[in-house]
2 protein chains.
Amino acid sequence: MASPVSIPTRLGWPGQQEADLRIHNAKLKLTRPRIALARLLFSKGDRHFCAEQLHEEVLASGVEMSLATVYNTLRSFCEAGIIRVLPIGGKPAYFDTDVSDHQHFYIEGKADFINTGRLRVSDLPELPAGMEVVKVDIVIRLKPSPKA
Amino acid sequence: MASPVSIPTRLGWPGQQEADLRIHNAKLKLTRPRIALARLLFSKGDRHFCAEQLHEEVLASGVEMSLATVYNTLRSFCEAGIIRVLPIGGKPAYFDTDVSDHQHFYIEGKADFINTGRLRVSDLPELPAGMEVVKVDIVIRLKPSPKA
DNA sequence: ATTTGTGCAAATCGTTTGCATCTGA
DNA sequence: TCAGATGCAAACGATTTGCACAAAT
């Protein structure tokens with residue numbers, strides 16, 4: 001029996017196809033950079049990262065790739081819905097491999113994100129007529145509290 | 001009796017010092033670009049705008065000023081706390097002259113912001129130890145609902 | 001075959017900075 | 001007086017794009 005995804009043997013398969021299945025399920029072609037990045041992103045659990053970090057990681061893993069390609073690949077992953085951009089509009093964009101409905105604490109300055117789980121908003125006024133909610137972004141910004 | 005702010009007569013004062021008082025109260029020097037921008041921003045109520053829009057407006061009002069100066073001035077207004085940046089991390093930053101505790105509906109695509117008033121978040125887990133909340137940013141993204 | 005991606009240099013574009021000069025307090 | 005601002009050209013830095021080439025289905 002062939003596995004559901006035909007794997008190009010020349011890429012040297014180590015075993016865990018989990019990451020590769022995600023690419024396939026997202027209806028994206030199984031290409032070298034996508035495979036390399038997906039393995040870094042999806043082999044451990046939830047990850048928060050920016051493009052440059054990931055670029056360094058992928059280079060360190062022995063796969064050559066320009067930063068532009070990392071950006072392009074991350075964009076295709078976002079469009080496919082297998083990762084998302086975190087709603088902290090800062091200069092380097094941060095991404096999240098967890099695309100479930102959840103929000104974050106964010107430690108100001110550091111790129112440190114802590115999942116708050118699903119939150120609820122109350123006291124919401126009526127929506128403007130003819131509109132519907134696409135998404136609710138919440139960021140709870142934290143700082144170290146001065147010790148008493 | 002002199003008014004609390006000594007007004008440089010050469011600037012040609014039309015009357016309403018409201019905007020200028022805000023600059024003064026923010027402990028900023030009353031300078032030509034600050035006065036011109038503050039008047040555009042604070043003479044009517046709540047305003048949502050980006051730097052480029054405001055630049056066009058100020059030029060149209062007959063005051064010469066480069067876009068860089070608009071940016072620099074807006075930055076000083078933000079630091080002084082008399083305006084704030086809206087938490088929709090997009091490319092042109094949007095600003096709000098209403099610095100009170102409130103959140104927004106945001107119509108995707110258009111730069112259209114609707115004040116939701118003060119919202120409350122529930123189901124919030126405990127804060128990480130030693131941290132305190134600086135600010136809570138909420139953006140409720142809307143789109144036109146397909147008519148039935 | 002033919003679409004879909006790669007790969008990267010160069011372009012883009014909002015925003016910041018450097019610095020000589022000016023000015024409000 | 002003189003700290004603090006202006007004013008703008010040039011720098012910046014994250015992201016996108018253009019396009020010739022390569023690879024997946």
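Here is the naming used below: chain letters follow the sequence lines, and residue numbers restart at 1 for every chain. The figures that follow rest on heavy atoms only: side chains count, while hydrogens, waters and symmetry mates do not.
For Arg75(B), taking side-chain heavy atoms from C-beta onward, the closest of the listed nucleotides dT17(C), dA25(C), dT6(D) is dT17(C). In the set dT25(D), dT16(D), dA25(C), the nucleotide with an atom closest to the side chain of Leu30(A) is dT25(D). Set against dC8(D), dA14(D), dG14(C), the side chain of Thr69(B) has dC8(D) as its closest nucleotide. For Thr73(B), counting side-chain heavy atoms from C-beta on, the closest listed nucleotide (dT6(D), dG7(C), dG4(D)) is dT6(D). The Ala68(B) side chain lies nearest to dT17(C) when the options are dT17(C), dG14(C), dT3(C).
Toward the 5' end of DNA chain D, the nearer of the two residues Lys91(A) and Glu64(B), judged by each one's closest nucleotide, is Glu64(B).
Regarding contacts with the backbone of dG5(C), a side-chain N or O of Arg34(A) is found under 4.0 angstrom from either OP1 or OP2. In this structure, Thr31(B) reaches the dT6(D) phosphate: one of its side-chain N or O atoms is under 4.0 Å from OP1 or OP2. Put simply, Ser66(A) has a side-chain N or O that comes within less than 4.0 Å of OP1 or OP2 on dC8(C). The phosphate of dG7(D) has OP1 or OP2 within less than 4.0 Å of a side-chain N or O from Arg32(B).
Taking atom CE of residue Met65(A) and atom P of nucleotide dG5(C), one finds them 15 Å apart after rounding to whole Å. The CG atom of Asn72(B) sits 10 Å away from the P atom of dG7(D) (whole-angstrom rounding). Spacing between atom NE2 of His55(B) and atom C1' of dC13(C) amounts to 16 Å, rounded to whole angstrom units. Across the protein-nucleic acid pair, Tyr94(A) atom OH and dT15(D) atom C1' stand 15 Å apart, rounded to whole Å. Protein atom CZ of Phe95(B) is 13 Å distant from nucleotide atom P of dG14(C), rounded to whole Å. One can place NZ of Lys27(B) at 13 Å from P of dA5(D), the figure rounded to the nearest angstrom. Atom CG in Leu28(B) sits about 18 Å away from atom P in dA3(D), given to the nearest Å. Remark: P of dG13(D) and OH of Tyr71(A) are 12 Å apart, rounded to the nearest angstrom.
Across every non-hydrogen atom of Gly45(B) and Thr97(B), the tightest pair is O-OG1, 3.9 Å.
For the pair Arg141(B) and Tyr106(B), the cation does not sit on the ring face, since its NZ or CZ is not both under 6.0 Å from the ring centre and inside 45° of the axis.
Using a 4.0 Å heavy-atom criterion, one finds that Lys29(B) contacts the bases of the nucleic acid, with or without backbone contacts as well. At a threshold of 4.0 angstrom between heavy atoms, the contacts of Ala51(A) with the nucleic acid are absent.
By the 6.0 Å contact criterion, CD on Glu108(A) is enclosed, its count of non-hydrogen atoms from other residues, nucleotides or ligands being greater than 12.
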Please tabulate, for side-chain N and O atoms in residues 125-136 of chain B, each donor-acceptor pair with protein atoms closer than 3.5 Å (sequence neighbours left out).
from	atom 1	to	atom 2	distance (Å)
Lys135(B)	NZ	Asp137(B)	OD1	3.3
Lys135(B)	NZ	Asp137(B)	OD2	3.4

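Below 30°, between 30° and 60°, or above 60°: for Tyr94(A) and Phe113(A) the angle between ring planes is between 30° and 60°, a tilted geometry.
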